[in-house]
Amino acid sequence: MDYNFSEIEKKWQEYWRDNKIYQVEIDKNKPKFYVLDMFPYPSGAGLHVGHPLGYIASDIYARYKRLKGFNVLHPMGYDAYGLPAEQYAIQTGTHPAVTTEKNINRYREQMDKIGFCYDWDREVRTSDPQYYKWTQWTFIQLFNSYYCNNCKKAKPIANLIQYFEKHGAENLNVAQSKPLHFTADEWNAMSEKQQQEILMNYRLAYQAETMVNWCAELGTVLANDEVADGLSVRGGYPVVRKSMKQWLLRITAYADRLLEDLETVNWSDSVKDVQRNWIGKSMGASVHFGVEGKDIDLEVFTTRADTLFGTTFMVLAPEHELVMQITTDEQRAEVEEYITRTKNRSERERMAEVRKVSGAFTGAYGINPITGAKLPIWIADYVLMGYGTGAIMAVPAHDSRDFAFARHFNLPIIQVVKKPSAETTDPATWEESFDAKDGELVNSGFLDGMPVKKAIMRMIEELEKKGVGTGKTNYRLRDAIFSRQRYWGEPFPIYYKDGMPYAMDESKLPLMLPSIDEYKPTENGEPPLARAKNWVTEEGYPIETNTMPGFAGSSGYYLRYQDPHNDKEYFSREANDYWQNVDLYIGGAEHATGHLIYSRFWCKFLYDLGLSCKAEPFQRMINQGMIQGRSSFAYRVNIEKLCEYAVWNMIKDKKMGVEFIKNYKDGRRQFDFFCPEKGIILDVKRVGSLEKLAEPWEEYAESKGLKILMIPNGEIMDDCINGTNLVEQKIKDAVAGKDVPSFVDRPAHKRIPIFVSKNYTGRDEYSDPIHVDINMVRNDILDVEAFRNWRDDLKEAVFIYEKDKDGNDIFVCGSEIEKMSKSKYNVQNPDDLVEKYGADTLRLYEMFLGPLEQSKPWDTQGIEGTFRFVRKFWRLYHDEFNQFNVSDEPATAAELKCLHKLIKKEEDAIESISFNTVVSAFMICVNELSDLKCNKREILDPLCIMISPYAPHIAEELWHLLGHYNSVVEASFPVYDESKTVENSFNYPISFNGKMRFNMELSLTMTADEVQAAVLAAPEAAKWIEGKQVRKLIYVPNKIVNLVVG
RNA sequence: GCGGGUGUGGCGGAAUUGGUAGACGCGCUAGACUUAGGAUCUAGUUUCGAAAGAAGUAAGGGUUCGAGUCCCUUCAUCCGCACCA
C-alpha cells in the first residue's frame, strides 16, 4: 500500500470526530493543562498559511501534553463581532450574522483539514447570545462596582453608598474621575438623580464626557490602540479628536496591579515592555504654583522636582481650563488666535509638525513656590492636556523641548545640574547637559552639591513641608473607552430613567441584539440601534443605543471555554477550580496593548469578585512570528520614466546642452527640455515629477526661443523590443539633423504593455514592478502564456526575454519578501497545500520553517523536502513492495540509541517551543534508521507515538497498522533511558592551542594523564608538537582535548 | 529621541548555553537508473587553495587554553512607543 495521505487523513479525521477523541471533561485524577490559541476574527478571505502557524504549534503542544498524561483543555472559537461584516452589511444589506456565519464555516472547514485536536463541543462565538449574556453580565458588575485603593480591590457600589450616607466623601481613598467633597448630610439631601451623577464618578464602568478618537467614515469612536498615524487601523480613515459622552472602563484603577503582576507571568520581555510602556508609570511630584495677582492654584506634574530652581517659565496646554482666566487683556487676542489655530489642526498635522515650536504668551506670571521667582506663563501645544495636569514647569536647561521653546521665544535658561566631571556651568555646555540624570545640583540653594536622586527626594520633602506639593505617581494609561456607535456588537444592558443610566436586572439577560432594516447611523447621527423598533424596557424606558467594542467579547472568552454550556453562571466554581487559567497562550504580538491589557483587567476584576481563582489570565504566552510571502514581479516598462531617465543622463553626461523651459498647456504647467544647439524642445510627458531635476535650468531657459521635437511613442516601444535604448538615439538623431519620425500619441492606458525580464533591465528608473501571481512563476521563471491569459489587458503584451545557458528565451521575475496579502498575489493557501502534500506535511513544514516567534518567509519549494521525509518515514514501516512490514526482533544498541536521542531531543525542545529542531531531529533519526534498515517494533512503536503530535494522521494510520486498537492520542510518551545513549568511548577533537587538528577515538574511562600520553603518541600529533613543550592539558570528558604547547 | 529584537553559506536555519561552526532542509553541481524528468537514488556543496593548509559567525577591540556564544565600542536592520513633563 502506497502512502495515500488524502485517504488516510480523511479516514482519521472522521474517526476522531465520530469517536469524540478530543472531547475533554474535568478529571481530578489527572493534572490539567490549558493550551489556548487567540481565537480568530473570521474574515472573508479565509485562512492563509500564516494563520495556522500558531494553531499548529499549540496543537503539537496540546497533543504532547496529553501523551505525557495531562488532561488537556484545547478549545477554539470565534471573535465574531467586528467591523468588516458590518461595513459589508451597510453596503449590501446582508445581516452581519449571515456573513459571519458563512466565514466561520469556511474557517472551520479549513481548520478541520489540518487535523487540529480542538474540543469543538466547547466552541464559543462572541456574537452568540448565550455567550454575550456573560459579557453583558460582567458589564453590569463593573457598573455596580467601585475600586477601593486601600484594599486594592473592586467592591460593590452599595458599600460606597452606605459610606456616603454616614461620612459623605470624607477620607475616601478610591479610584475616581475627580475628587469630590460633600458631607453625609449633603448626600442624604440629594435627589436620586444627583446621587446617580455622583456615583458615576466612582463606578468601574461609567459614563463621561470625554475626548475621543472620532472616525466619521466609520461613524464611531475608536480606542487609542485602534488608531495609528491619525488613521483608523481598520480601513485607514481619518480620525479626529472630539468631545463626546461615552462609556468608559476605569482600567486606570488597576494600573499598579497590571504593572506589578507582569512579574508573575512568563511572557516575552518585549510584550511586557510594551505593556509597561503603555501603562507608563512615572513617579514624581505634583507642585502647586501661584499666579501673580490672582487667587489661582496652578498644579503641575514633574518627575524632576530637583530642577525647580531651574524653572524659568510655565506652559499650559491650549485646552487647559485656566487659560482664559489668567490671560491678560493685551494678550487675549493672541492667545485666542493660537487656541483656534491648534484646535483646527488635525491629529495628523499635529504629529507632522512635532518639531515646530509654537506658542503664545498669556501675559500672566506664575510664582515659584520655593524661590518666589516670577515665571511667565505660556500656552503651547507641545504640552498635552491628556497627561499629568496639562501644565508644566519648564526647565529649559534640562529638557530638550523646553530648551527649544526657550531658544525660540528668547526665554532665560538656568543650568541647575552639572555632570560630576564637568568643571564649568558655562552656557555653552547647556545643550549637552540635557537629561542629566546622574549629575549633581548647582545654582539650587539647599540642593547644591546633591546628586539628582537625592535632590528629588529632598525637594519633595521640602514641598510637602511647605504644603505646596506632594510626591505623586502618574500614569500614561487612560481609561478605556467602551462604547461604539455601531450595530454589530453587544448591546449594553442599560436603560435611561430621568436621563440617568441604570443597569438592567440580571434576569433580563441576554439583552438580544435587535434586528434593524439598515445598518447605518440614523439621519440625526444616532447609532444604528436607534433604528430598532421598541428599543425600550418593559416599563418603557429607552435602552442604550451604543454597543460594546471588539475587546468586550474577547476579554473573558478563555474563562467561558471552561464551562461553555452553563446557563446559570459565567462558569462554575468547580470548572474554574480545575482549569484555572491558561497555561500556554499562543497568538500574535500585535495584541500587546489591546486585547492583552483589557483581558488582564477583566480577569483581575473577576478575581476581585471571587469568580476567577487566578489574577492573571495567561500564565505563559508565545507570540508567533508572521509568515511572509515571496512576491514575484514582472517589470513593466514605463515609457515616461524611460524618457526622463535618458534625457537626464544626457544632461548629466553633458552629451548635449539640454536646458529647461516651462510653458503652459491647458492651464497646466508643463516642463520641457530645450536643446540650444538645435533650438529644439524635447517633449517629455509626465511633467510633474520632472520639477526637481528641472529647477536649475529654469531662469536661463525662460529667455530662450524654442522649437518643438516630438519623441514618437510607438518607436520607443519598437526599440525597447529590439533592446536598444531608443530615446537617446532619437535625440541624437534629432541633434544631428536627421529626420525623426512623427509623434504618435497614445493615451497611457491604451499602450501595449512591455515587460522586461529582470536581468535585462531591472532598473527602477525604467520600469514599474508589477505583482505577478506566484502560481505562474517557478524558480523565478514566468510562465508567459499563463500570464498573458491572466487578464485581458495582457493579451497583447510584449515580453523582452533573457537567454538561458542553452540559448532559450526565458522571462525571469524579480522577487521580494512581503507580508502575505491578496493584493500582492503571494498568498499560499493551506487548502491547496493540504491537497497537494497532505496536512501532516504542511504541519511539519510550518514547524520546520524556523523558530516560532520569528517572522520568516514562506519558501514554496522547501515543502518538497518535508514531503520526502514523510514518505521516507512511511517506508520505514513498509518493505519495497509497500507492504506493511514490522519485525518483532529485539532492537540493536545502535537503533535504541537513535531512538533515545530523539526522545531526549523532543522533550527538551518542546519546552522551549523549538519545534523546528524537533522536526530536524526526526529527519536525522529517520535517516539513520533507514540506513540501519531498521523495521523493529521496539523502535517503530514509540517512534509512531513521538511523531503523532506533529503528524497525527500518518501516526494514527501506522499505529493501527502496528496492531493497536485505541487511538494513538491515548498512548503514552516513551520514557527516556539515558543508559541507551551512553557509550564507552568518544571521538574527541584534538586541539593544539585551541585549534582543532584531528579526531581521535578515546575511552571515557581514561585519566587525564592517559589521554595526554595517548594523544602525544598519535602519529598526527607529531607535526604540532615538533620542537615545542607541552605546557598544559585541557581535558573535558565527552567534549574536547586541548594541548597548550609553546 | 526612548525601549525591545535581530545580524552565521546562494536561501530557511542548527550549534547540548564557553568546547569539532555551518546539523537538518531547500537550491546548486556531478553521476546512476531512465524514451523522458518538476520522479528516485548516490556523491559533493562556507571561502581561497591542486594539496598541505589558511581564513571565517556585521565591523573593531577585550577576557580565556578555547568565543557565534561573555564584556566594551561601532555599524546595519526590523518592530514597538513617541512632544508622557
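A quick note: this is a predicted structure, and the numbers were derived from the prediction, not measured. The chains referred to below are lettered A, B, ... by the order of the sequence lines, with proteins before strands, and numbering in each begins at 1.
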Taking only the side-chain heavy atoms of [X] (C-beta and beyond), determine which of [options] contains the nearest atom.
X: Met996(A); options: U20(B), A85(B), A54(B); value: U20(B)
X: Thr302(A); options: U40(B), A85(B), C65(B); value: A85(B)
X: Leu849(A); options: A55(B), G12(B), G19(B); value: G12(B)
X: Met923(A); options: C24(B), A85(B), G19(B); value: C24(B)
X: Arg997(A); options: G13(B), A54(B), G25(B); value: A54(B)
X: Pro851(A); options: A55(B), C65(B), A14(B); value: A14(B)

Can you tell me the distance, in whole Å, between the [atom1] atom of [X] and the [atom2] atom of [N]?
X: Asp306(A); N: A85(B); atom1: CG; atom2: P; result: 14 Å
X: Lys1032(A); N: U64(B); atom1: NZ; atom2: P; result: 11 Å
X: Asp399(A); N: C2(B); atom1: CG; atom2: P; result: 14 Å
X: Gln854(A); N: C11(B); atom1: CD; atom2: C1'; result: 14 Å

- Message: For Lys901(A), is there an ion pair with Glu978(A) - N to carboxylate O distance below 4.0 angstrom?
- Response: no
- Hey, are Asp977(A) and Lys980(A) close enough for a salt bridge, meaning a charged N less than 4.0 Å from a carboxylate O? yes
Under 4.0 angstrom, heavy atoms only, what part of the nucleic acid is [X] near: base, sugar-phosphate, or nothing?
X: Ile924(A); answer: sugar-phosphate
X: Asn916(A); answer: sugar-phosphate
X: Asn1042(A); answer: base
X: Ser270(A); answer: sugar-phosphate
X: Arg1031(A); answer: nothing
X: Asn927(A); answer: sugar-phosphate
X: Arg478(A); answer: nothing

Distance between [atom1] atoms of [N] and [M] (Å, rounded):
N: C72(B); M: G3(B); atom1: P; result: 15 Å
N: G22(B); M: G1(B); atom1: C1'; result: 39 Å
N: G18(B); M: G68(B); atom1: P; result: 13 Å
N: U17(B); M: A67(B); atom1: C1'; result: 12 Å
N: G60(B); M: U8(B); atom1: P; result: 16 Å

- Query: Is the backbone of Leu308(A) close enough, under 3.5 Å, to the side chain of Asn368(A) for a donor and an acceptor to pair up by distance?
  - Reply: yes
- Under a 3.5 Å limit for both distances, which nucleotide forms a Watson-Crick or G-U wobble pair with A32(B), could you say? U40(B)
- Any strand: nucleotide that pairs with A23(B) via Watson-Crick or wobble, under 3.5 Å: none
- Query: Is it the case that Arg871(A) places NZ or CZ above or below the six-membered ring of Phe867(A), under 6.0 angstrom from the centre and within 45 degrees of the axis?
  - Reply: yes
- Query: Considering heavy-atom distances to RNA chain B, does Lys1039(A) or Phe301(A) have its closest nucleotide positioned more toward the 5' end?
  - Reply: Lys1039(A)
- Take Val274(A) and Val1036(A), find for each the nucleotide of RNA chain B with the closest heavy atom, and name the residue whose nucleotide sits nearer the 5' end. Val1036(A)
